[in-house]
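Below is one structure, written out as structure tokens, with a few remarks after it.
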Amino acid sequence: MTMLDSQLMLDSQPFVPEDRKNASVVSSAPFSQSTFPQTPSAPPAESSPAEFLNPTSVTVPSDSFPSDELFPPEPFKSQEEPSADAAQTELFETNPPPWELAVEDDVLLASIVFSKSPHGPYDYRIPDSLREDLKPGMRVGVPLGHRKKSTLGWCVAVKEGSAAHRKLRDVAELLDDTPLCDAALVRLVMWMGHYYQVPAGQVFDTLIPSSVRAGAGTRQTTYFTPAKDLTDEQISKLPAKQQAVVRLLISSGKPTTAAELAVAVGCTEDPIRRLRKKEILIPEVRREMHSNIRILAQHNDGERKQKLELTEQQQAALERINTAVDSGRGRTLLLHGVTGSGKTEVYIKAIEHVVSQAGSAIVMVPEISLTPQTRGRFESRFDSVAVLHSQMSPSERHYHWQRIRRGEVQVVIGPRSAVFAPLPNLGLIVLDEEHDTSFKQDSQPRYHARKVAHARAMALGIPLLLGSATPSMEAWHASQCGHAELISMPNRVANRPMPDVQLVDLRIRDERGGSGAISRPLHAAVLETIRDKGQAILLLNRRGFATTIQCPSCGHVVACPDCDMPLTHHRDGGKAMCHYCDYTIGTPPWCPACRFDGIRYGGLGTQKLEMEAKAKFPNARIARMDSDTMKRPGSHQRVLSEFRNGDIDMLLGTQMIAKGLDFPNVLLVGVINADSALHFPDFRAAERTFQLVTQVAGRTGRGDRGGRVIVQTFTPEHPAIQAASRHDYHKFVEEEMVNRRKFNYPPLGSVARIIIRGPLEDKTEAVADGILARLESARDLLGSEVRILGPAPPPIGRLRGKYRFHLLLQATEAAVVGETIRRALADFKTDPKDEIEFLVDIDPVNLL
DNA sequence: AGCACGCCGACT
DNA sequence: GTCGGCGTGCTC
């Protein structure tokens with residue numbers, strides 16, 4: 001019911017502009033592109049504190065994604081005319097108060113934001129003692145309200161204060177010696193906070209890893225140096241041990257710890273304590289890494305792997321990228337290279353070019369392709385690579401972060417969070433598999449690494465290189481509008497052909513063959529492959545033994561009491577669990593509704609497929625790869641290396657086997673059910689299906705022995721499946737763009753989503769309705785053409801025991817959507833006892 | 001988010 | 001009178 005509802009909501013209601021009486025949508029938006037000077041050059045690496053947030057010094061992307069929102073001048077000031085509040089203040093306060101008249105006007109102020117409420121920004125006076133040291137990007141301790149302890153905040157700006165009439169409190173202390181992010185990153189934080197509608201303080205917490213904030217793997221160590229004005233006479237009067245300590249320290253000239261001194265002199269630490277009391281030894285506290293962590297540094301001096309010869313096509317791509325790097329301008333490049341066209345080698349060569357000019361680069365890859373193979377490829381070609389993976393311990397992470405910040409790293413490879421890597425001389429950002437949905441974070445701040453990378457690259461005046469065999473509609477559209485430069489690599493390396501794709505129509509009983517998931521043609525193909533000593537991959541876009549537990553007698557489906565989602569039956573231990581909230585019960589032996597005892601496990605999961613495959617191909621060595629079997633760290637890697645070594649004949653799995661694997665002996669890829677992603681209430685369902693089928697098909701035909709693909713489907717005539725079967729990306733985008741245009745869905749327009757959740761259904765819905773009303777009045781006030789959908793229950797209507805509703809907004813301009821929400825929710829509050837939360841998702845990638 | 005203030009009723 | 005419950009409002 002919920003599925004149907006939101007499908008209707010998304011697919012019906014063509015977007016009809018209400019009226020055109022207020023056509024000046026863009027100019028009424030406060031942060032439209034036209035507001036800013038077009039400055040193509042990069043901002044100075046170190047801009048002075050006073051001007052670092054100044055809009056005139058902000059570099060504006062000269063080529064940006066469509067409907068882009070730019071760095072706002074002052075994101076936190078209300079853009080309204082001087083508010084009624086301000087007028088009231090003037091009326092009722094003696095202004096300025098007489099006792100503050102004496103204070104000079106030109107005080108230095110720090111603008112501070114907080115990661116917890118209240119988020120600020122608030123202005124604090126900078127006492128003279130901190131004047132020299134306080135820089136934007138540092139953490140400070142400040143008094144706040146009536147709190148007893150000082151509160152941690154982030155300094156986002158240092159500025160000259162003119163408002164002497166306001167009561168201002170002092171910054172109490174600095175919590176960092178050097179800023180944790182440079183001026184450019186502070187600006188990125190401010191932009192993200194504005195664009196994604198998240199307090200800047202929370203963005204800092206995302207930008208700076210918690211391990212860095214906590215100083216993981218570091219220790220406070222006290223070093224001693226001798227006092228400056230020590231005379232020989234003074235020293236000779238000291239007791240013997242103390243004398244020895246001081247003389248040693250003077251002769252070595254190095255600050256030394258108490259423990260080291262004690263060992264060197266052969267005494268206890270007591271003489272040192274006494275010297276400290278007498279102020280003959282001056283202590284100096286430093287924070288440093290544990291020595292054992294330094295060992296983690298991986299330097300590659302040894303074997304530098306063979307540099308591959310580039311094909312003509314690769315060479316041409318590389319030259320265009322190098323030209324962009326050398327131009328010193330911010331621009332976006334879309335490298336559209338079919339699977340197996342050798343994109344990685346192009347990235348490496350382009351980065352070698354950047355590194356040769358003392359620059360550095362970020363390479364972002366989907367979480368799942370951060371495999372040892374990917375790592376190895378980069379590590380063998382560069383002196384200093386930092387690989388940021390999820391298995392890293394906090395102290396390792398901190399260690400690498402410091403290395404990166406010190407400029408000791410040439411290439412950073414990581415998932416979406418790598419976009420924040422604090423490289424001091426960044427020259428290129430690469431986003432591999434640009435279309436992958438893992439680049440969108442699904443918790444606050446819900447940023448998209450592509451968007452953030454774009455903002456960062458444009459602000460620095462460096463190229464952003466997007467690579468994919470199946471570019472997202474967004475990237476493709478950008479290339480068609482001149483916002484991105486398209487580089488095509490239509491051929492595979494060594495002129496290998498694209499694999500043949502055969503569609504199997506599952507509606508035909510004869511094709512389907514029996515009750516299993518493996519059709520007759522697929523069965524035959526597998527047998528042939530095994531006979532030829534080749535390897536096969538079977539993709540099933542689901543996990544679990546069976547998707548649903550359905551009673552054949554009454555039709556009852558066993559569902560989760562908290563989420564309303566069908567439970568998935570898992571064979572190990574006869575469990576049934578909810579994939580959304582982890583609710584688990586023993587599999588019921590009979591139907592809970594009608595007590596019929598022949599309950600059926602419908603649907604299909606990888607476990608069941610594994611059983612079927614083992615029964616049908618008893619001589620094949622089969623391994624399963626899904627998020628259930630890959631829970632333990634390293635298991636992923638182990639199965640893949642077994643597959644590479646030829647110890648496994650057939651690999652079964654979910655999405656994760658579709659991406660980036662490069663095994664030359666894979667002669668067959670089978671897609672068990674290509675429709676599984678197609679019937680989702682999401683306007684990107686067709687795009688997902690096309691990408692999935694194309695990507696998995698690309699896993700074969702990578703060796704000299706060719707390869708073939710068999711795609712099983714109930715709807716072989718669907719354009720996405722047709723296009724995928726012919727490797728025809730252009731045909732797909734052409735047709736899909738028509739669909740998007742019908743309703744102005746991205747990339748033609750911009751979408752945002754507001755999710756409202758709470759424990760009581762009616763209260764939650766009432767809040768959703770209240771938000772709708774506010775959105776409508778904000779829209780009318782702005783005179784903007786924003787289409788507002790909902791509130792409706794999302795496809796997952798209930799999650800973790802909470803009821804959910806969502807609202808969708810769309811318009812041609814991202815800035816308009818953002819501003820409508822910002823105004824509607826600016827002072828919106830709910831009754832705390834209803835426990836209702838609402839969250840904003842800008843540019844959502846899934847609508848669950 | 002804290003923390004204080006202020007307004008209540010219930011207790012020493 | 002004074003203690004403590006919680007509703008309300010502010011924090012540069």
Side-chain angles (χ1 to χ4, degrees), chain A residues 49-50 52-53 73-78 80 82-97 99-131 134-175 186 189-190 193-194 197-206 210 213 443-445 758 763 825-840:
Chain A
F52 93 101
L53 271 177
E74 283 178 291
F76 296 101
K77 293 270 158 58
S78 134
E80 281 299 281
S83 66
D85 284 354
Q88 296 244 326
T89 317
E90 303 228 8
L91 278 175
F92 292 105
E93 269 178 44
T94 55
N95 163 38
W99 60 87
E100 284 187 359
L101 270 175
V103 178
E104 315 135 280
D105 246 16
D106 55 329
V107 277
L108 264 192
L109 305 182
S111 186
I112 309 294
V113 298
F114 304 94
S115 50
K116 290 192 224 109
S117 182
H119 295 106
Y122 292 143
D123 287 343
Y124 287 84
R125 221 179 60 87
I126 304 176
D128 290 342
S129 58
L130 305 180
R131 235 185 137 99
L134 179 53
K135 300 270 179 346
M138 277 184 177
R139 292 172 299 174
V140 294
V142 292
L144 182 62
H146 302 283
R147 289 177 201 192
K148 284 173 187 130
K149 45 193 172 42
S150 79
T151 305
L152 184 149
W154 295 85
C155 175
V156 296
V158 173
K159 57 197 179 185
E160 210 91 354
S162 53
H165 62 92
R166 274 196 296 163
K167 50 159 191 160
L168 285 175
R169 301 172 79 178
D170 278 6
V171 173
E173 54 174 339
L174 305 186
L175 302 177
V186 172
V189 167
M190 302 306 274
H194 176 80
Q197 311 210 17
V198 176
Q202 278 181 29
V203 181
F204 276 111
D205 283 357
T206 306
S210 58
R213 281 180 272 129
S443 60
Q444 274 208 333
K763 296 269 189 200
L825 299 181
D827 52 351
F828 183 72
K829 283 190 189 70
T830 59
D831 193 335
K833 67 174 180 294
D834 291 340
E835 296 173 59
I836 289 169
E837 302 161 289
F838 56 90
L839 48 96
V840 177

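Every residue two or more places apart in sequence or in another chain was checked for a salt bridge (charged side-chain N to carboxylate O under 4.0 Å, His left out) with A:Glu835, and none qualifies. Residues forming a side-chain hydrogen bond (donor to acceptor under 3.5 Å, both in side chains) with A:Asp834 (at least two apart in sequence, or on another chain): none. A search for side-chain hydrogen bond (donor to acceptor under 3.5 Å, both in side chains) contacts involving A:Arg213 returns nothing, not counting sequence neighbours. Not a single side-chain hydrogen bond (donor to acceptor under 3.5 Å, both in side chains) links A:Ser117 to another residue, sequence neighbours left out. Taking the side-chain hydrogen bond (donor to acceptor under 3.5 Å, both in side chains) definition, one finds that A:Ser115 meets it with A:Asp205, sequence neighbours left out.
Counting to the nearest Å, the P atom of C:dT11 and the CZ atom of A:Phe114 are 12 Å from each other. Between A:Asp827 atom CG and C:dG9 atom P there is a gap of 14 Å when expressed in whole angstrom units.
At C:dT11, none of the side-chain N or O atoms of A:Tyr122 fall inside 4.0 Å of OP1 or OP2 (strictly under the cut-off).
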Contacts under 3.5 Å, N or O only, protein and nucleotides 1-5 of chain B:
{"residue": "B:dA1", "atom": "N3", "partner": "A:Ser117", "partner atom": "O", "Å": "3.1"}
{"residue": "B:dA1", "atom": "N3", "partner": "A:Arg147", "partner atom": "NH2", "Å": "2.7"}

